[in-house]
Protein chains: 2
Amino acid sequence: MTKTKKREVDLRMRGFEQVCRQAGIKLTHQRIEIFREVAQTGDHPDAETVYQRVRERIPTISLDTVYRTLWRLNDLGLINTLGPPRERTRFDANLEQHHHFVCVRCGLTQDFYSEELNGLRLPKSAKALGQVESTHVKVYGVCRGCVDMEKTKRSSTRNKEAKPCPRN
Amino acid sequence: MTKTKKREVDLRMRGFEQVCRQAGIKLTHQRIEIFREVAQTGDHPDAETVYQRVRERIPTISLDTVYRTLWRLNDLGLINTLGPPRERTRFDANLEQHHHFVCVRCGLTQDFYSEELNGLRLPKSAKALGQVESTHVKVYGVCRGCVDMEKTKRSSTRNKEAKPCPRN
DNA sequence: TTAGGTGCAAATTCTTTGCACCCTG
DNA sequence: CAGGGTGCAAAGAATTTGCACCTAA
């Protein structure tokens, strides 16, 4: 159904092989099939789903290999996670329509408001997918706190490992 | 730090009490403090964090009450979750900048592209929060599949409970 | 009073890890 | 051939559930 074009898949596979070689990690049968599975589907499978699908081709593969591989691919920048990786569910009592600024360093998520963004015009490609109900903008970047921290660190001599700003 | 104004908190508390009464659920000490905690903070705490904070006021409260209450509040529409509720991490091999259409019925997440949205102009309120790196639009709505399913259900007599369309 | 709510502890579910064997480079 | 990678089983973390007591309405 939501399937990626063959040409695009081939392109991704080549990128994958190149990055792996460059990073000096092995191109195992399992890794190849796991990446292929994620690359060729337009849906956004979780680890369990990838496992089930790859198992049809490699019946002996184990779920933990799928987990390890997916995170490895993520670290290599070959795939991304949908939503915040490795995080627990978080709650929000702000019911007004609003948007989020998410710090890529520390995970701090701050609300902001914008009439303009609330009434965002969407392209046909988006409207074609279904009945639109609402629109939400996520801005990724480095929050004030983390920017300041970096400045401090660079100017001072004492730079231990970056302590992330409080996750909230 | 990220703290909501007192007036706004009071407003939310009143809304909360009203909704609870209307829904016929009890206004227990625990529920009140849990809601207050989420309502008065501008951060987006997870269950554990809420638990730790509320415990300062109600030392005997248990973590499972916090979980139950947060989901209850969520079901009542008094709070929302950040990101998809109760879902596992999902992966995506599409590295081009793209946006998502998320079906609120079945969770299907589809990619779409838009130059216009890629280069979205952001309001000052957003830029003020930090160094912007990228912007991502999430469109919520009902996907084609679910719209069709609803039509079918309404026109036909056989309507068992709504089987969600495949989650991918 | 009394049905719904809570705390506790145990159960589930999802994910990660230790270790011995295996296979790519 | 060597060292990273894998499968297995067991551990861990996060979240949910069963049950008896408690409390708001």
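First the proteins, then the strands, lettered A, B, ... as listed; each starts at 1. Since the structure is predicted, the reported quantities are computational estimates derived from the model, not experimental observations. Quick note: numbers below take in every heavy atom, side chains included, and nothing from hydrogens, waters or symmetry partners.
A salt bridge links A/Glu87 with A/Arg90: the closest approach of a Lys/Arg side-chain nitrogen to an acidic carboxylate oxygen falls below 4.0 angstrom. A salt bridge between B/Arg68 and B/Asp64 is present, with a side-chain N of the basic residue lying under 4.0 Å from a carboxylate O of the acidic one. Here A/Asp10 pairs with A/Lys6 in a salt bridge; the nearest charged N to carboxylate O distance falls below 4.0 Å. Between A/Arg14 and A/Glu17 there is no salt bridge, since no side-chain N of the basic residue sits under 4.0 Å from a carboxylate O of the acidic one.
Residue-level contact check: A/Arg68 touches the bases, meaning some heavy atom is under 4.0 Å from a base atom.
Taking atom CD on A/Glu33 and atom P on D/dT6, their separation rounds to 12 Å, with Å as the unit. Between A/Arg88 atom CZ and D/dG12 atom P there is a gap of 17 Å when expressed in whole angstrom units. Taking atom CG of residue B/Leu70 and atom C1' of nucleotide D/dA14, one finds them 14 Å apart after rounding to whole Å. Summarising the geometry, the separation between CG on A/Asp64 and P on D/dA11 is reported as 15 Å, rounded to the nearest angstrom.
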Under 3.5 Å between N/O atoms: give me all the protein pairs with nucleotides 20-25 of chain D, atom names plus distance.
residue, atom, partner, partner atom, Å
D/dA25, OP1, B/Leu27, N, 3.2

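In this model, no donor atom of one side chain and acceptor atom of the other lie less than 3.5 Å apart for A/His136 and A/His98. Between the side chains of A/Asp111 and A/Asn94, a donor-acceptor pair is found at a separation under 3.5 Å.
Taking the nucleotide of DNA chain D with the nearest heavy atom to each of B/Ala47 and A/Thr69, the more 5' of the two is matched to A/Thr69.
Among residues two or more places apart in sequence or in another chain, the side-chain hydrogen bond (donor to acceptor under 3.5 Å, both in side chains) test is passed with B/Asn118 by B/His99.
In this structure, B/Phe101 has its ring center no closer than 6.0 Å to that of B/Phe112.
Note that the first and last nucleotides of DNA chain C, 5' to 3', having any atom under 4.0 angstrom from a heavy atom of chain A are C/dC14 to C/dG25.
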